[in-house]
There are 2 protein chains.
Amino acid sequence: MTESLGVAPALVRLSFLVSSIYSEVCAGYDLTAPQAQLLCVIRDQPRGMTELTDLLRLEKSSVSGLVDRVERRGLLRRQMSPADRRAVTVAPTAAGKRVTRGFYDEITRRLHLLVADLPAAERDVFTLTASRIVLDEAVPPIFGAAAA
Amino acid sequence: MTESLGVAPALVRLSFLVSSIYSEVCAGYDLTAPQAQLLCVIRDQPRGMTELTDLLRLEKSSVSGLVDRVERRGLLRRQMSPADRRAVTVAPTAAGKRVTRGFYDEITRRLHLLVADLPAAERDVFTLTASRIVLDEAVPPIFGAAAA
DNA sequence: TATTGTTATACTCTATAACTATA
DNA sequence: TATAGTTATAGAGTATAACAATA
């Protein structure tokens, strides 16, 4: 039997734990957490800079710099939009896709391990409640498919 | 009825959400997230630099710099240890205690709001499972009381 | 005028490596 | 020698403000 923490300590510590695992896996791919997040966001479809601003919740100048650094590593490229000559689209390169897939799969594996010891029913209920919270709060799809 | 995400997307997005709220509240107190975390960790008792290294999972030089910046704002002070003349103890000032209390209470309030719309039973089960995970994984007590 | 994006600047955060002082 | 902590350095991340180009 476990003593329950309060809601706030439980959430803050869980967030700290997940972030730690995320960063640990990032390091294995020579990525920083923001870089990995960017790659995950453009995984399914190319995105414009303004769109990335919303998804990552960063200022546009921050996105510019972040895209610069990942581009310099050859993991993504900027594409000019034919329709709007101001606009830029960001898409992963072949190397970027490989890295993203490896990273994504390993994160998934590591997080499954985190709940592996729980009874299946408890695990499912927990995941469902967490899903409810993030869907209710309109958290951007920074990991996993955009829609259900 | 909500469609459930997978375990990994649910956890990653929940962590992103909690971090966003954490940072938002930090901004209201003119703190960065690492600074607030430091203040929360020394809230209940003074800590040595090496101890902070373990609690915050940072290198000692990172802790030095972080303590420098919070000290410069007058929110904590370094105290010499009488027993070991190499050792330093970090404790909040009166101003630091006030800021920490305000920050802590607001984070708590904001996170309670996050689960306020859930049925009480679901909320309790969710909190218990989250507690189990973080206690099993020996997450450092970066928020809330150290022990149960 | 509004929008898209970049650049300049400044500060925080973090790690690695080298260092000082004490145990 | 080992431990506690700081300093030097370098790079990533971020925001604000000013800017250029296009719509």
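Per chain, numbering begins at 1; letters A, B, ... match sequence-line order.
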* Footprint string (nucleotides 3-11 of chain C, 5' to 3'): B base within contact, S backbone only, - free, heavy atoms under 4.0 Å -> BBBBB----
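- In this structure, A/Tyr22 and A/Phe143 have perpendicular ring planes: the angle between them is above 60°, well past the 30° mark.
- A straight line from CZ of B/Arg85 to C1' of C/dT20 spans 13 Å, rounded to a whole angstrom.
- The side-chain contact (heavy atoms from CB on, under 4.5 Å) check on A/Val125 picks up A/Thr129, B/Val125, with sequence neighbours excluded.
- Atom-to-atom, CG of B/Leu58 to C1' of D/dG5 comes out at 15 Å; the value is rounded to the nearest Å.
- Within the structure, the salt bridge (Lys or Arg N to Asp or Glu O under 4.0 Å) test picks out the following pairs touching residues 53-69 of chain A (sequence neighbours left out): A/Asp68-A/Arg78.
- Other residues sharing a hydrophobic cluster with B/Leu113 under the 4.5 Å side-chain heavy-atom criterion for ILVMFWY residues do not exist; the residue is a singleton.
- For residues 87-114 of chain B, every residue pair satisfying the salt bridge (Lys or Arg N to Asp or Glu O under 4.0 Å) rule, not counting sequence neighbours, is listed here: B/Glu24-B/Arg110.
- For the pair B/Leu56 CG and C/dA15 P, the computed distance is 11 Å after rounding to whole Å.
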Sequence neighbours left out, cut at 3.5 Å: what donor-acceptor pairs do the side chains of residues 40-52 of chain A make with other protein atoms?
{"residue": "A/Arg47", "atom": "NH1", "partner": "A/Glu51", "partner atom": "OE2", "Å": "2.8"}
{"residue": "A/Glu51", "atom": "OE1", "partner": "A/Gly48", "partner atom": "N", "Å": "3.1"}

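- Rounded to whole Å, atom C1' of D/dT14 lies 14 Å from atom CD of A/Gln35.
- Going from atom CG of A/Leu38 over to atom P of D/dG13 covers 10 Å, rounded to whole Å.
- The CG atom of B/Leu66 sits 11 Å away from the P atom of C/dA15 (whole-angstrom rounding).
- Rounded to a whole Å, the CE atom of B/Met80 is 16 Å from the P atom of D/dA4.
- As rounded to whole Å, 13 Å separates atom C1' of D/dA12 from atom CG of A/Leu31.
- Closest to the B/Ser62 side chain, of the nucleotides D/dT14, C/dT14, C/dT12, is C/dT14.
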